[in-house]
2 protein chains.
Amino acid sequence: MDASPRIAIDAMGGDTGPAAMVAGMARARRKVDGIGFEVFGDEALIAPELDRHPGLKGAVNVHHTTDAIQGSEKPSQAIRRARTTSMGMAINAVKDGLAHAAVSGGNTGALMAMSKLALRTMPGIDRPALAALLPTLGDQDCVMLDLGANTECDAQNLVQFAVMGSAYARTVLGIRKPRVKLLNIGTEELKGTDELKEAAALLREADYLPMTFDGFTEGDQLSRGNIDVVVTDGFSGNIALKTAEGTARFVTDLLRRAFKSSLRSKAGFALSAPALHTLKVHLDPNNHNGAVFLGLNGLVVKSHGSANPKGVANAIGVAARMVANDITRKIGEDLDNFRAHAFSHEAAE
Amino acid sequence: MDASPRIAIDAMGGDTGPAAMVAGMARARRKVDGIGFEVFGDEALIAPELDRHPGLKGAVNVHHTTDAIQGSEKPSQAIRRARTTSMGMAINAVKDGLAHAAVSGGNTGALMAMSKLALRTMPGIDRPALAALLPTLGDQDCVMLDLGANTECDAQNLVQFAVMGSAYARTVLGIRKPRVKLLNIGTEELKGTDELKEAAALLREADYLPMTFDGFTEGDQLSRGNIDVVVTDGFSGNIALKTAEGTARFVTDLLRRAFKSSLRSKAGFALSAPALHTLKVHLDPNNHNGAVFLGLNGLVVKSHGSANPKGVANAIGVAARMVANDITRKIGEDLDNFRAHAFSHEAAE
């Protein structure tokens, strides 16, 4: 592989077949210099889509397969078809050095299980985590992890998530020294589980890492725009992410209902529409698309199943930025650093 | 005590002193037949407020004390002043039979600790829980518990929360057979922690209880309006509640920003204002005020510290409905029923 990013694409993973994936590739190709694609899926469906995007000419290799993981398949079933499915083959392309990162819009559980099996957890990480971007009131999104890969986590897991989340914020958001907080049910030091208290103590001492650990935060602070990385176990993270998505939809549904309630409010909506468009853009999941499995020996990005071409291009952009900034190496260095300090600390005691 | 509800009020607990509490009492007095109040706090501050609400004449006894629990006080410190503080005295009024329920806008942790100590957990309940109402797209709010009283919960705790939450939905929302779900990170039977899976198995068998248990739900379904009771451990519940509050504020902040962004959108806002007012009413925490400690030998309602008179009146209304419908007896009956079935089931095996 040369220096330009080469991305493996599971063309069959999204909700609507290869159309959005291929259009997203074309969009990404216009933004990322020299990006190329290894595409896995049904050639009969992919070829006509490629024809619609001449900009992709010469940048794509198609690997034909008709086997695809379904949305309802259990991870334990999916992993048996790692060699034959578009998802499994895209991940293997990363393992085999054919691509720098894989992007799929398919079944999250299957993608996680296959990625772990093929790429293995990187040295120093006990469990990989799923990280994603949350919209905020600030100029930047906020990174949150874990979002469901690990139902229960100990203090070491949480510390590793903090290291991985910071590396993600540094490489993808370009923040030099990210501000990191642990999600809890109160901000006082005594609040929460033993795991959280122990993780906070470990992170407070790790002031040599390229992050600023700033204690606990609560669910109502996630979108305020003053945190760069929120660290949590996968159960709470999944609850928080989905509650945030559901509440945003709830409020916008109420808003839609309000605007439709009278002729007068319909006229008001028509006048406000351009301004309200910025609200819609801000909340559109496509603009925050690209959840990442961190902690593996290779990069895998999960795109929303229903992502449009812009969303797919964002997920591909996340993958390309992680490749260009060598996030796996950065995580490895920070972990080595953490272990070296923890060891010298123990030895000194 | 006669049949009319008598409510103990911690007049000093809210963020702004007794003004909102007394105005809320006056509002509740107009809605609830024969309601009366035992009010605890600084008489010099309470008397002038009472003078402003002649409708309260004859319905109020004031018990003077100048000691009050501060918002920042730790529960372990607060419980030492149970006899002298307005909060502690209001709870003791329930214990001593002077009032049917207590309402406070003070420090949640202190209120919980003092309530547990004075009123004790009711037979059959291992841990009391904090329940509150969430706004939804439907006609009814949704009950969620626990919201932070218990950081970690086992299956029995979750089953008891389901019983208490259903009794709450029956008495306060008037739903004959509430639809109950467990909050999880997926809806498949295999998802989540062992505690959740075990609780689901127990609840699935308990079809003789006055509830319909309907499996797992996820964070994005909380405000859809098709669940009456959401059961969760206190950690996840607190994260979900605060994330929902924070996200609702985030979206409305973005909306405000959008409307202010141009003259045109300002005009649109002016036209839409009456319709948008219904959105505001729907999301206003005052309209869902009144979190309840369930599972104690006595009723204690937590009002938002920043509740306005309408919010306080809603919290008092929740207390009065629980008293009128004898929720504590209903919870006791359901628990007896659950234990009798569980026992006969074990004996038959």
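Each chain gets a letter, A, B and so on, in the order its sequence line appears, and its residues count up from 1.
- Among residues 258-268 of chain A, the residues having any heavy atom closer than 4.5 Å to a heavy atom of chain B are, in sequence order, A/Ala258, A/Phe259, A/Ser261, A/Arg264, A/Ser265, A/Ala267, A/Gly268.
- Atom CZ in B/Phe250 sits 4.0 Å away from atom NE2 in A/His282 (nearest 0.5 Å).
- Options A/Gly109, A/Gly225, A/Ser223, A/Ala270 differ in how many heavy-atom pairs under 4.5 Å they form with chain B, and the most are formed by A/Ser223.
- Side-chain contact between A/Phe235 and B/Leu196 is present, with heavy atoms from C-beta onward closer than 4.5 Å.
- Closest approach of A/Ile239 to B/Asn184, counting heavy atoms only: CD1-O, 3.7 Å.
- Closest approach of B/Leu279 and A/Val251 over heavy atoms only: CD1-O, 4.0 Å.
- Among B/Gly192, B/Gly148, B/Ala240, the residue with the largest count of heavy-atom pairs under 4.5 Å with chain A is B/Ala240.
- Each of A/Ser272, A/Pro274, A/Gly237, A/Ala248 has some count of heavy-atom pairs under 4.5 Å with chain B, and the biggest count is that of A/Ser272.
- Not counting sequence neighbours, the partners of A/Glu152 by the side chain to side chain contact (heavy atoms under 4.5 Å, CB included) test are B/Thr193.
- The nearest pair of heavy atoms linking B/Asn238 to A/Glu218 is OD1-OE1, 4.4 Å.
- If you tally non-hydrogen atom pairs under 4.5 Å between each of B/Asp220, B/Leu183, B/Thr252 and chain A, the highest count goes to B/Asp220.
- Between chain B and the options A/Gly219, A/Ser236, A/Gly246, A/Ala275, the largest number of non-hydrogen pairs under 4.5 Å is found for A/Gly219.
- A/Arg256 is linked by a side-chain hydrogen bond (donor to acceptor under 3.5 Å, both in side chains) to A/Asp253, counting only residues two or more places apart in sequence or in another chain.
- With a 4.5 Å cut-off on side-chain heavy atoms, A/Leu276 and B/Leu255 count as touching.
- For the pair B/Thr243 and A/Thr247, the minimum side-chain heavy-atom distance is 4.5 Å or more.
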Sequence neighbours excluded and cut-off under 3.5 Å, please list the side-chain donor-acceptor pairs for residues 134-145 of chain B, or say none.
from, atom 1, to, atom 2, distance (Å)
B/Thr136, OG1, B/Gly138, N, 3.0
B/Thr136, OG1, B/Gln140, O, 2.7
B/Gln140, NE2, B/Leu173, O, 3.3
B/Asp141, OD1, B/His288, ND1, 3.2
B/Asp141, OD2, B/His288, ND1, 2.8

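- Put simply, OG1 on B/Thr278 and CZ on A/Arg257 are 9.0 Å apart, with the number rounded to the nearest 0.5 Å.
- By the 4.5 Å heavy-atom criterion applied to side chains, B/Arg249 and A/Arg224 are counted as neighbours.
- Only the side chain of A/Leu283 comes within contact range of chain B, with heavy atoms under 4.5 Å apart.
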